[in-house]
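The shown structure was predicted, so the numbers you read here are calculated from the model rather than taken from an experiment. Chain identifiers are assigned alphabetically (A, B, ...) following the order of the sequence lines, protein sequences preceding nucleic acid strands; residue numbering begins at 1 within each chain.
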Number of protein chains: 2
Amino acid sequence: MSKPKQVTIVEVAEAAGVSIATVSNVLNRGGIRSSKETIRKVELAAEQLGYRRNTMAAGLSRNKTFEIGLIVPGLTSYYGQLAEHLQIEAHNAGYHLSVFSSGGFDPDIERRNLEVLQQRRVDGLICHGLAMGFESTRSIVNSGTPLVLINGWDWPEDISIGSVNLGFAEACKQSCQVLVDRGCTVLCYVGSKVSKVIDEQRRMGFMAGASQYGSQLVHEIVEHRELDMEAYLKDLLQRHSAPVGIVAFDDHVALKLLTAANKLQLNFPKQLQLIGINNDYIAINSFPGISSWDIPYSYQAKMAINKLLNKLTNQPETDEVREIEVPLVFIERETTKI
Amino acid sequence: MSKPKQVTIVEVAEAAGVSIATVSNVLNRGGIRSSKETIRKVELAAEQLGYRRNTMAAGLSRNKTFEIGLIVPGLTSYYGQLAEHLQIEAHNAGYHLSVFSSGGFDPDIERRNLEVLQQRRVDGLICHGLAMGFESTRSIVNSGTPLVLINGWDWPEDISIGSVNLGFAEACKQSCQVLVDRGCTVLCYVGSKVSKVIDEQRRMGFMAGASQYGSQLVHEIVEHRELDMEAYLKDLLQRHSAPVGIVAFDDHVALKLLTAANKLQLNFPKQLQLIGINNDYIAINSFPGISSWDIPYSYQAKMAINKLLNKLTNQPETDEVREIEVPLVFIERETTKI
DNA sequence: CTGTTAGCGCTTTCAG
DNA sequence: CTGAAAGCGCTAACAG
């Protein structure tokens, strides 16, 4: 079934008794001035006929789509929130954001999405820096579409125009300090290699934080997927003197740990202390409440869109930082509060 | 900065020494056969030049975009998951899904997104049936874009071609039965008017389930946002004999209740029983685990896309149900398990 | 099997 | 201030 024909400027032009160029001027171009009378006629005709600009035709004609492509690993939790905020910011800037999920970190899907986005001739791209290998990334840059990375550390300058990264390392480092302050003598980072780059950042930060205290502090790193959490916690508390401090990969992992701890009837913060990341619904509403790091979504989104737009509108080469670091904000709750 | 010019079929045609029509045939049209030799030449040229089809030009020319627009209230939890699955199914069917969030349930944003989607000339629309009033919806139908609703009950036939709804009412009804089976003599539904239509369904189901038992069962309905949960639970248990059964709006609300219960050191399932909906990460990993209703995302997504595609490809008017009901699956955990 | 040609709907000089 | 006309890149008859 072919689509019913939509109203075009031709019809509007006829109805208004002017040329199509004039209609285009009045309706879709701000800059050009027309007589009040013409404007009125055209707008009236357009209104009555239910005219709706054809984005494809416009884009084709001006070689600009006002569309930004976004590729994130998924649409839940952090990624979903981020996508929402980016959509808002893009809209505020007069752009439209096309959101794609790479289905949990699948490089093939990433590549495919990238391809689709390119075929749509998006003006710019925002990607959560990850699985997509060098080639895929190259192919973007080669075609000249500016790329901003979210949480992409140390990417070569010729591939992305920059990145906006959350300060995970710093947060984890400071988590260590908090835990030591609260009396912990053993620190443990429970990571998640599902998200490789991010896990790396957090591990780095944890290491930096823990090693500050030298040999007076025991610390270790484990992977949550390979863990029987109850057994692990039990063992941990047998091996060491309380309180034990845990830095969790995020609030989801933290919840698992919390549950294991609750089953073992461990006491927060006397025996165990726990810090998550994301300040999710989970952290806020669990029992006990999980200390966590809040993410300034809106700010991160603004930064990313700005970076892209600066490039797109060819702003004077500001002395802009290539890698922007967005600091997280600590929210303390019962898992650490003494 | 104008975008660098991309390779077009003209250039590919020149390089391959054939006409542009032939290039188009080989590259973008499956049906038309060409000689092996021609195919080889064209594909080689395209490959070497890095040709990438311009979606806009193609769409404009054939009056078909192979794009489906999706509007959901948000991109977290259920909605995010749904969007991901729809994206997968759309792709499997050769379509591309443009995902939009209406930022909570904002009718203005909904309207705006709808407008954008129409301007893109999407072939079809999928909307989570809600805030958007009659007018907005009308304007879609008027323009002839087929619309499938997700969780949209009782919409007029001339507006949407159908809907795919989750069996919330039935789930809530059965939740009541489960709770009574487990010994509850008092039932309570803790709803959330944030999502009006959905809350209605759940409340209806709850009422139907509870009233089955006549006067031997006390039941009541409250709104979670107006509730001091601890105080409420305490009061509930003072007023009635245990166990009290609670049907929560979803797992998020359930978590809040769970936390309140834990603070009061209530015993599951002896004093309190609790059932959520969504079978979220939360329900699975909380302590105690929350009994919940699992959502067949993949199935729901398939149904929705199929419905749309049947219309788009003008399938023989199957004796298809207009409103498909997708049943949820009960997963029992410690909050009810005796 | 391949090429010619007329659009798709809109933007954008460039004359009037 | 307005309009004629030349595209944007691709597809779809229709001839050859």
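In this structure, of D/dC10, C/dG3, C/dG9, it is C/dG3 that holds the atom nearest to the side chain of B/Val18. Of all nucleotides listed (D/dC8, D/dG3, C/dT11), C/dT11 comes nearest to the side chain of A/Arg62. The side chain of A/Asn54 lies closest to C/dG9 when the candidates are D/dT11, C/dG9, D/dC10.
Rounding to whole angstrom units, NZ of residue A/Lys41 and P of D/dG3 are separated by 8 Å. D/dC8 atom C1' lies 16 Å from atom NZ of A/Lys64, rounded to whole Å. Per the geometry, CE belonging to A/Met56 stands 9 Å off P belonging to C/dG9, to the nearest Å. Between A/Glu14 atom CD and D/dG3 atom C1' there is a gap of 15 Å when expressed in whole angstrom units.
Contact annotation: A/Ser35 does not reach the phosphate of D/dC1 (side-chain N/O to OP1 or OP2, under 4.0 Å). Listed pair A/Lys36 / D/dC1 fails the phosphate criterion, with no side-chain N or O lying under 4.0 Å from OP1 or OP2. In terms of phosphate contacts, B/Asn28 brings no side-chain nitrogen or oxygen within less than 4.0 Å of OP1 or OP2 of D/dC10.
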**Item:** Step-by-step side-chain contact (heavy atoms from CB on, under 4.5 Å) determination, A/Cys127 to A/Leu114
**Value:** CA-CA 9 Å; A/Cys127 294; A/Leu114 226 40; 4.3 Å; yes
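In summary, B/Glu67 and B/Arg121 do not engage in a salt bridge, as defined by a charged side-chain N under 4.0 Å from a carboxylate O.
Ring geometry for A/His85 versus A/Tyr297: interplanar angle under 30°, hence parallel rather than tilted (30 to 60°).
Note on B/Ala21: a base of the nucleic acid sits closer than 4.0 angstrom, heavy atoms only.
Mapping B/Ser19 and B/Arg121 onto DNA chain C by nearest heavy atom places B/Ser19 closer to the 5' end of the strand.
For D/dG9, its base never sits under 3.5 Å from the side chain of B/Ser24 at any donor and acceptor pair.
A donor-acceptor pair under 3.5 Å links the side-chain atoms of B/Thr313 to the main chain of B/Leu309, judged by distance alone.
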